[in-house]
Amino acid sequence: MTYKVHYVCVACRQSHKHPWDGAEHLCTRCRVPMRYAGHDFAAPRRADDSGWGAVTAVLDAGLRYEGFQVCGCGRESEYRPRRSSDVRSRRRVAVRAGLCEADALALRDPADA
């Protein structure tokens, strides 16, 4: 069975599911290679600037929307910020606590740092 995963074009605010094959998948609008977002990505509405800002920050930090375990023994989704305000608060925590941005964005509660 071939699993399909989410690929995202942040500039066009589109997401599509393609087979997880390592191939380059192009955006249907701008023809730029789409970014791998993971198994559990849920795209915000196209007009949601704050939501897409958070998606951009998460993908730029090298994180993915995953909860899928390859062995198939379970699923536990990881936290990812959904709003720009969540991203800003976690970036402030990263500066204060000396964390890298990816670790701070993965915190469920900024007070955990």
Side-chain angles (χ1 to χ4, degrees):
M1 173 186 273
T2 302
Y3 288 103
K4 290 189 174 183
V5 294
H6 296 272
Y7 288 85
V8 176
C9 178
V10 177
C12 297
R13 295 184 177 187
Q14 287 195 80
S15 71
H16 299 283
K17 289 181 89 171
H18 293 287
W20 193 19
D21 54 7
E24 184 176 88
H25 300 284
L26 301 178
C27 175
T28 56
R29 291 178 113 187
C30 67
R31 306 306 294 168
V32 171
M34 297 178 85
R35 298 172 70 176
Y36 172 67
H39 290 87
D40 295 332
F41 177 72
R45 292 190 180 268
R46 190 173 300 211
D48 184 4
D49 295 332
S50 181
W52 280 102
V55 168
T56 303
V58 167
L59 294 178
D60 286 347
L63 298 174
R64 304 289 176 259
Y65 294 85
E66 295 288 357
F68 174 78
Q69 294 179 2
V70 178
C71 64
C73 62
R75 295 179 58 92
E76 186 171 329
S77 58
E78 299 171 347
Y79 174 80
R80 297 296 179 253
R82 298 190 54 89
R83 304 253 134 300
S84 293
S85 60
D86 297 337
V87 172
R88 283 191 306 272
S89 67
R90 280 155 180 78
R91 283 181 175 159
R92 284 192 300 267
V93 167
V95 170
R96 278 196 310 259
L99 297 172
C100 70
E101 185 174 342
D103 290 340
L105 289 175
L107 292 174
R108 185 168 298 278
D109 185 9
D112 291 344

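Numbering starts at 1 and runs along the sequence shown.
- Looking at every heavy atom in both residues, His18 comes nearest to Met34 through NE2-SD, 4.3 Å.
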**OP:** Run the numbers on Tyr36 and His6 for side chain to side chain contact (heavy atoms under 4.5 Å, CB included), then give the verdict.
**Re:** CA-CA 6 Å; Tyr36 172 67; His6 296 272; over 6 Å; no

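- To the nearest 0.5 angstrom, Arg108 atom CZ is 9.5 Å from Arg80 atom CZ.
- Between Asp48 and Arg83 there is a salt bridge, since at least one side-chain N of the basic residue sits less than 4.0 Å from a carboxylate O of the acidic one.
- Through direct or relayed side-chain contacts under 4.5 Å between Ile, Leu, Val, Met, Phe, Trp and Tyr, Val58 connects to Val8, Val10, Phe41, Trp52, Val55, Leu59, Leu63, Tyr65, Val87, Leu105.
- Looking at Asp60 and Arg35, a side-chain N of the basic residue comes within less than 4.0 Å of a carboxylate O on the acidic one, giving a salt bridge.
- With sequence neighbours excluded, the residues forming a side chain to side chain donor-acceptor pair (under 3.5 Å) with His25 are Asp21, listed by chain and number.
- When all heavy atoms of Ala57 and Arg91 are compared, the closest pair comes out as CB-NH2, 3.6 Å.
- With sequence neighbours left out, the side chain to side chain contact (heavy atoms under 4.5 Å, CB included) criterion links Cys12 to Cys9, Gln14, Cys27, Arg29, Cys30.
- Looking at heavy atoms from C-beta onward, Leu26 lies in side-chain contact with Glu24 at the 4.5 angstrom threshold.
- The distance from the CG atom of Asp86 to the OG atom of Ser50 is 7.5 Å, given to the nearest 0.5 Å.
- Smallest separation of non-hydrogen atoms from Ala43 and Ser15: CB-OG, 3.6 Å.
- With Arg82 contributing its side chain and Ala54 its backbone, the two residues share no donor-acceptor pair below 3.5 Å.
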Original post:
Hey, mind stepping through His16 and Tyr7 against ring-ring contact (aromatic ring centres under 6.0 Å, His included) and telling me if it holds?
Top reply: CA-CA 5 Å; His16 299 283; Tyr7 288 85; 9.8 Å; no

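- The two residues Lys4 and Lys17 have their closest heavy-atom pair at O-CE, 3.7 Å.
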